A.B. asks: 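Sharing a structure with you now.
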Amino acid sequence: INAGYWNPAGIPQLNKKALGFMHSSPFSLGDISLNYLSFIHPTALSFLSGGFGLSFAKQSAQLEQGETTEVNEMEENTYVLSLGGALPDASLYFGANFKALSVSETDEGISRAGSAYDLGLLYYPAPKISLGLMLRNLSARLGDENFSTDTRVGVAGRLLDDRLLLAADYASKEDVAGKKG
């Protein structure tokens with residue numbers, strides 16, 4: 001159900017439609033919350049030999065500041081359309097996310113919107129070994145703010161008749177705090 005988030009190339013590997021929901025209030029703080037809703041239909045798009053996913057994430061917080069304990073409400077929303085498909089030999093999968101982003105803050109009446117794109121690949125060089133690549137936040141912009149691209153690569157292997165999964169991944173983000181690498 002989270003293939004759209006981690007790597008949309010995984011969507012066509014699912015066997016059936018799936019729906020998921022999560023609500024979290026970290027550290028038992030009632031004024032901070034995270035909500036996530038996701039739907040995946042892995043076989044809906046025959047022209048891709050794959051399917052699609054829709055997801056929505058909302059992060060909100062109420063922050064008290066100053067001597068008068070003024071309350072400032074902040075909210076981030078992310079809407080995602082994920083598409084995933086497979087090449088005819090079924091050892092190479094591909095996917096893309098199209099994201100609409102919005103951020104609002106009540107204190108100063110700030111509201112910004114933007115978009116971002118992700119690309120993912122998943123390759124099986126052998127039946128129980130997979131290699132993945134995810135390029136997150138390509139051409140990402142929110143108002144006048146640009147996001148750096150996040151590159152993730154990973155490898156996984158299934159052992160002991162699929163009872164053990166070994167996986168490793170590496171993530172790199174460019175231009176964080178003005179530094180490359």
Side-chain angles (χ1 to χ4, degrees), residues 1-14 18 20 22 24 26 34-42 44-45 47-59 74-103 112-159 162 164-181:
I1 189 66
N2 296 317
Y5 177 80
W6 292 105
N7 189 338
I11 291 173
Q13 297 180 46
L14 298 172
M22 179 200 64
S24 174
L34 171 64
N35 295 295
Y36 180 74
L37 176 65
S38 181
F39 171 75
I40 300 243
H41 193 314
L45 304 174
F47 66 93
L48 286 176
S49 298
F52 73 94
L54 299 170
S55 61
F56 169 70
K58 177 181 180 177
Q59 301 176 60
M74 300 177 73
E75 184 174 291
E76 290 183 21
N77 294 302
T78 305
Y79 304 87
V80 182
L81 169 63
S82 302
L83 302 174
L87 293 183
D89 70 357
S91 64
L92 182 63
Y93 297 85
F94 56 89
N97 288 332
F98 305 94
K99 301 186 285 193
L101 313 166
S102 71
V103 173
R112 296 180 303 198
S115 62
Y117 310 95
D118 305 333
L119 295 175
L121 291 174
L122 191 55
Y123 175 62
Y124 284 87
K128 297 190 181 251
I129 297 174
S130 62
L131 304 170
L133 170 68
M134 181 71 171
L135 300 173
R136 187 178 303 278
N137 293 331
L138 295 168
S139 183
R141 187 169 191 80
L142 183 63
D144 59 354
E145 179 182 2
N146 291 322
F147 290 60
S148 60
T149 299
D150 183 4
T151 303
R152 298 177 184 185
V153 294
V155 62
R158 295 183 181 276
L159 306 169
D162 289 343
L164 178 64
L165 173 68
L166 291 179
D169 65 333
Y170 172 79
S172 174
K173 193 175 266 195
E174 292 295 321
D175 196 24
V176 175
K179 298 178 183 176
K180 294 285 184 189

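Computed from a predicted model, the values in this text were never measured in an experiment.
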A.B. asks: If you look at every heavy atom in P12 and A86, which pair is closest and at what distance?
C.D. replies: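 Minimum heavy-atom contact is CG-N, 4.4 Å.
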A.B. asks: With sequence neighbours excluded, what pairs up with A167 under the side-chain contact (heavy atoms from CB on, under 4.5 Å) test?
C.D. replies: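 In terms of side-chain contact (heavy atoms from CB on, under 4.5 Å), with neighbours along the sequence ignored, A167 is linked to A156.
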A.B. asks: Extract all donor-acceptor atom pairs below 3.5 Å that involve side chains of residues 113-125 and protein atoms in other chains or at least two apart in sequence.
C.D. replies:
from, atom 1, to, atom 2, distance (Å)
D118, OD1, K99, NZ, 3.1
D118, OD1, N137, N, 2.8
D118, OD2, N97, ND2, 3.0
D118, OD2, K99, NZ, 3.2
Y124, OH, Q13, OE1, 2.8

A.B. asks: Distance check, rounded to the nearest 0.5 Å: M22 atom CE versus I1 atom CD1?
C.D. replies: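 M22 CE to I1 CD1: 12.5 Å, rounded to 0.5 Å.
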A.B. asks: How many angstroms lie between CG in N77 and CZ in F56, if you round to the nearest 0.5 Å?
C.D. replies: 4.0 Å
A.B. asks: Would you be so kind as to tabulate the donor-acceptor pairs closer than 3.5 Å made by side chains of residues 128-136, with sequence neighbours excluded?
C.D. replies:
from, atom 1, to, atom 2, distance (Å)
K128, NZ, D162, OD1, 3.0
R136, NH1, Y5, O, 3.2
R136, NH2, Y5, O, 2.6

A.B. asks: Rounded to the nearest 0.5 Å, what's the gap from OG on S102 to CG on L142? Could you check?
C.D. replies: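 Rounded to the nearest 0.5 Å, the OG-CG separation comes to 8.0 Å.
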A.B. asks: Are E76 and T78 packed together at the side-chain level, in the sense that at least one heavy-atom pair is separated by less than 4.5 angstrom?
C.D. replies: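 Answer no - side chains too far apart.
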A.B. asks: Do side-chain atoms of S82 reach the backbone of P8 as a donor and acceptor pair under 3.5 angstrom?
C.D. replies: no
A.B. asks: To the closest 0.5 Å, what do you measure between CG (L37) and CG (L54)?
C.D. replies: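 Result: 9.0 Å between the selected atoms.
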A.B. asks: Give, for atom CZ of R141 and atom CZ of F147, the distance between the pair rounded to the nearest 0.5 Å.
C.D. replies: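 Here the interatomic distance stands at 10.5 Å.
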A.B. asks: With heavy-atom distances below 4.5 Å as the criterion, would you say the side chains of Y93 and I11 are in contact?
C.D. replies: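 Not touching, per the 4.5 Å side-chain cut-off.
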